[in-house]
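When reading the values below, keep in mind they use all heavy atoms of this one structure, side chains included, and skip hydrogens, waters and symmetry mates. Every value quoted in this text rests on a predicted model; they were computed, and no experiment measured them.
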Amino acid sequence: PRLPLILKLPKDQPLPNQPAQDVFVAEIFTLLGRDQDLYRYSVAYPELSLRVTARLRKFLKETSNPKWRAYAKGCVESCESYAAFASLARAKLGEAPKDVKNLE
């Protein structure tokens with residue numbers, strides 16, 4: 001697989017300074033946003049987003065960095081809006097996520 005960014009960090013100080021941490025966290029949220037966009041039309045997206053949303057809410061409580069909090073809050077909001085859209089669309093179908101083969 002091709003990765004857009006590969007970092008080699010020392011073992012004694014994995015993320016030595018704030019700018020390195022900011023770049024790393026920004027890349028994580030960029031990739032998380034791409035993942036959300038990829039699966040947002042999936043029948044099972046509401047279930048998929050539950051764990052992501054729960055972990056992001058925990059991250060929001062634990063971090064004090066305002067930039068990181070803004071990233072996490074934006075991801076939580078988009079997860080919830082995509083999940084609501086998928087739930088409404090799924091309710092109209094009358095098919096369960098386990099019957100996804102019938103939908104393809």
Side-chain angles (χ1 to χ4, degrees):
R2 292 184 56 207
L3 298 175
L5 183 63
I6 297 175
L7 296 174
K8 185 173 183 177
L9 301 169
K11 291 182 181 181
D12 58 342
Q13 269 188 321
L15 294 174
N17 53 26
Q18 188 65 33
Q21 292 174 1
D22 286 339
V23 169
F24 188 71
V25 171
E27 184 68 18
I28 287 172
F29 280 106
T30 300
L31 294 173
L32 184 59
R34 289 180 188 165
D35 191 58
Q36 288 177 3
D37 286 339
L38 179 66
Y39 294 108
R40 69 188 277 187
Y41 295 109
S42 171
V43 175
Y45 186 81
E47 289 80 11
L48 175 70
S49 70
L50 282 177
R51 182 71 177 143
V52 174
T53 305
R55 184 60 186 105
L56 285 172
R57 287 185 195 281
K58 183 178 178 186
F59 179 77
L60 275 167
K61 289 179 184 177
E62 293 174 354
T63 189
S64 61
N65 187 318
K67 185 187 261 186
W68 298 356
R69 289 179 60 82
Y71 287 147
K73 188 173 182 179
C75 278
V76 167
E77 290 172 357
S78 63
C79 271
E80 289 175 344
S81 68
Y82 294 161
F85 173 79
S87 294
L88 289 174
R90 187 169 70 186
K92 294 177 186 175
L93 289 175
E95 296 284 339
K98 68 178 184 166
D99 299 328
V100 73
K101 291 291 182 193
N102 296 340
L103 299 174
E104 292 178 347

Yes or no on side-chain contact (heavy atoms from CB on, under 4.5 Å) for K58 and K61, after CA distance, side-chain angles and deciding distance?
CA-CA 5 Å; K58 183 178 178 186; K61 289 179 184 177; 5.8 Å; no
Is there a donor-acceptor pair under 3.5 Å between the side chain of T53 and the backbone N or O of L50?
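Between the backbone of L50 and the side chain of T53 there is no qualifying donor-acceptor contact (under 3.5 Å).
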Are any non-hydrogen side-chain atoms of Y71 and N65 less than 4.5 angstrom apart?
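A side-chain contact is absent here, since even the closest heavy-atom pair is not under 4.5 Å.
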Ignoring hydrogens, what is the shortest heavy-atom contact between Y45 and Y39? Give both atom names and the distance.
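Minimum heavy-atom separation between Y45 and Y39: CD1-O, 3.2 Å.
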Distance check, rounded to the nearest 0.5 Å: S42 atom OG versus Q36 atom CD?
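Atom-to-atom, S42:OG and Q36:CD are 13.0 Å apart.
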Please report the interatomic distance CZ(R51) to CG(L56), rounded to the nearest 0.5 Å.
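These two atoms lie 10.5 Å from each other.
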Between T63 (side chain only) and F59 (backbone N and O only), is there a donor and an acceptor less than 3.5 Å apart?
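The answer is no, because no donor-acceptor pair under 3.5 Å joins these two groups.
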Over 60° means perpendicular and under 30° means parallel, so tell me whether F85 and Y41 are parallel, tilted or perpendicular.
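Answer is perpendicular, since the angle exceeds 60°.
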If two hydrophobic side chains count as joined below 4.5 Å and joins carry through other members, does V76 share a cluster with W68?
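The answer is yes; both residues are in one hydrophobic cluster.
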Hey, mind stepping through L38 and R34 against side-chain contact (heavy atoms from CB on, under 4.5 Å) and telling me if it holds?
CA-CA 6 Å; L38 179 66; R34 289 180 188 165; over 6 Å; no
Provide the closest heavy-atom pair for V52 versus L48 in the form atom of the first, atom of the second, distance.
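For V52 and L48, the tightest heavy-atom pair comes out as CG2-O, 3.9 Å.
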Please round to the nearest 0.5 Å and tell me the distance separating atom CG of L32 and atom SG of C79.
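Rounded to the nearest 0.5 Å, the CG-SG separation comes to 6.0 Å.
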Separation between CG of D35 and OG1 of T30, rounded to the nearest 0.5 Å:
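These two atoms lie 12.5 Å from each other.
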Which pair of heavy atoms, one from R90 and one from A44, lies closest together, and at what distance?
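Of all heavy-atom pairs spanning R90 and A44, the closest is NH1-CA, 4.2 Å.
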Nearest 0.5 angstrom please: R69 CZ to E62 CD, how far?
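Going from CZ on R69 over to CD on E62, the span is 11.0 Å.
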Heavy-atom closest pair, residues A83 and P46
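So the minimum-distance heavy-atom pair works out to O-CG, 3.7 Å.
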